There are 2 protein chains.
Amino acid sequence: MKSNEFNLDDFLPYQLSVLSARMNRLLSKVYGEQYGLSIPEWRVLVHVARREKMSVRDIHKCVNLEKPAVSRAVTKLEATGLLIKSTSEDDHRLVDIELTKDGIEVLNNITPKALVYEKELLSSFSTEENTQLYALLERLHDELDKYPDAMPRKPRADGRPRGLVK
Amino acid sequence: MKSNEFNLDDFLPYQLSVLSARMNRLLSKVYGEQYGLSIPEWRVLVHVARREKMSVRDIHKCVNLEKPAVSRAVTKLEATGLLIKSTSEDDHRLVDIELTKDGIEVLNNITPKALVYEKELLSSFSTEENTQLYALLERLHDELDKYPDAMPRKPRADGRPRGLVK
DNA sequence: TATTGTTATACTCTATAACTATA
DNA sequence: TATAGTTATAGAGTATAACAATA
């Protein structure tokens, strides 16, 4: 193929990039406009909700955010009153992070809406197509794992092995 | 579902976001480390290669970059000697952008490598799976088109209708 | 010494508005 | 008036290194 025949529209990384950007933009209407949350903040909130206490490290290990990004998001969320930080009693280097009632309430409000969006986007998909989509994306991740230059994937937050579709 | 059961790992926008980021990172090794090109610059180069002359508007209309982003990328690429700008004779508001020999050479070097990466990532996919993947991504784009809040999709650079897989 | 979390810094990308010059 | 392109600016996101406190 000559390079003047190369078509960006058929190039998978471009396709995914644009698709992901569009989807994020749409989603940010849910948690951004209504609650002023950024993407990292939303990821942190969602992850902290999984357990009573969570350290910065725990979050960093799961949600594809760098440590400083987590730290900043947590600081901002504390300022907004959605979570509280306290020094862990077991290990004074660790920070215990827990949601406040406000934080839980905001999350209980946002999460269903986010799921509705996801469901709507997949509404035209049959169960099989849905399974196929997740399986194909998973396969692409597997391929990327072979390259040391691609950033490593995080383990699932629930500890389950990958590839089991919902 | 309670919000403390919500799992980011199974959430499509998150999946796509991480996948796209990983893929972009890998790709940027090809055009970034070797030639110092950013993603917008690579998109512009690739698009300009399609015809002899191209205006900023033409690029903006096709490659999901805002006008200022295109303008900046073009300015930088001219400084690097990969393209030249000149005022259009027909309409003095327009800028004619064309690749230099260097630009063509760089592109002829990068494009095959980018395609090799894409091919490798899809190497475990059968022809049908490949078709499925593109079709499913296309369907997601179609769904997003229904939301005014999702940014609009650009027309294909080659003018062909969407959904015809390579 | 190693690890947790914070701070500082820098760079990329994006989004918007304001500006100019041409039409 | 409308359009093409540039400039300015601000915000989000990301990546890295350096640092203080603790283990």
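Since the model is a prediction, treat every value here as computed from it, not as a measurement. Chain letters run A, B, ... following the sequence lines, proteins first, then strands; residues in each count from 1. Heavy-atom basis, side chains included; hydrogens, waters and symmetry copies ignored.
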Please confirm whether the shortest side-chain N or O distance from A/Lys76 to OP1 or OP2 of C/dT6 is below 4.0 Å. no
Donor-acceptor pair, distance only, cut-off 3.5 Å: does the side chain of A/Glu41 make one with the backbone of A/Ser38? yes
Look for any protein N or O under 3.5 Å of an N or O in nucleotides 19-23 of chain C and output each such pair with its distance, or none.
residue: C/dA23; atom: OP1; partner: B/His92; partner atom: N; Å: 3.0

Quick one: list whatever passes ring pair (Phe, Tyr, Trp, His ring centres under 6.0 Å) with A/Tyr147, sequence neighbours left out. B/Tyr117
Tell me whether A/Arg139 forms a cation-pi arrangement with B/Phe125, defined as NZ or CZ under 6.0 Å from the six-membered ring centre and within 45 degrees of its axis. yes
Measuring only between side-chain heavy atoms, which start at C-beta, is A/Arg153 closer than 4.5 Å to A/Asp142? yes
Under-4.0 Å salt bridge between B/Arg160 and A/Asp9: no
I'd like a table of donor-acceptor pairs (distance under 3.5 Å, sequence neighbours excluded) in which one partner is a side-chain atom from residues 92-100 of chain A, with atom names and distances.
residue: A/Arg93; atom: NE; partner: A/Asp91; partner atom: OD1; Å: 3.3
residue: A/Arg93; atom: NH2; partner: A/Asp91; partner atom: OD2; Å: 3.0
residue: A/Thr100; atom: OG1; partner: A/Gly81; partner atom: O; Å: 2.6
residue: A/Thr100; atom: OG1; partner: A/Leu82; partner atom: O; Å: 3.2
residue: A/Thr100; atom: OG1; partner: A/Asp102; partner atom: N; Å: 3.4
residue: A/Thr100; atom: OG1; partner: A/Gly103; partner atom: N; Å: 3.1

Please report, rounded to the nearest Å, how far the P atom of C/dT6 is from the CZ atom of A/Arg57. 13 Å
Begin from the C-alpha positions of A/Asn109 and A/Tyr35 and carry the test side-chain hydrogen bond (donor to acceptor under 3.5 Å, both in side chains) through to its verdict. CA-CA 10 Å; A/Asn109 192 298; A/Tyr35 297 99; 3.1 Å; yes
Nearest-angstrom distance from the residue atom CG of A/Leu94 to C1' of C/dT6: 14 Å
Any salt bridge between B/Asp58 and B/Lys53, counting N to O under 4.0 Å? no
I'd like to check the ring pair (Phe, Tyr, Trp, His ring centres under 6.0 Å) partners of A/Tyr31; sequence neighbours left out, ordered by chain and number. A/Trp42
So which of residues 34-55 of chain B are in contact with DNA chain C, with a heavy-atom cut-off of under 4.0 Å? B/Ser38, B/Ile39, B/Pro40
Grab the CG-C1' distance between A/Asn24 and C/dT14 for me, whole Å please. 13 Å
Could you tell me whether the side chain of A/Thr111 and the main chain of A/Asn108 form a donor-acceptor pair under 3.5 Å? no
Taking the nucleotide of DNA chain C with the nearest heavy atom to each, does A/Val95 or A/Arg25 sit closer to the 5' end? A/Val95
From OH of A/Tyr31 across to C1' of D/dA12 the rounded distance in Å is 12 Å
Does any N or O in the side chain of A/Thr75 come within less than 3.5 Å of the main-chain N or O of A/Ser71, such that one atom is a donor and the other an acceptor? yes
Rounded to whole angstrom units, what separation is found between the CG atom of B/Leu83 and the P atom of D/dG5? 13 Å
Starting at atom CG of B/Asp58, determine the distance to atom C1' of D/dT3, rounded to an integer number of angstrom. 14 Å
Length of the NE2-P vector between B/His60 and D/dG5, whole Å: 10 Å
Any residue of residues 62-72 of chain B with a heavy atom less than 4.0 Å from an atom of DNA chain D: B/Lys67, B/Pro68, B/Ser71, B/Arg72
So what does B/Lys61 hit on the nucleic acid, given a heavy-atom distance under 4.0 Å: a base, only sugar-phosphate, or nothing? nothing
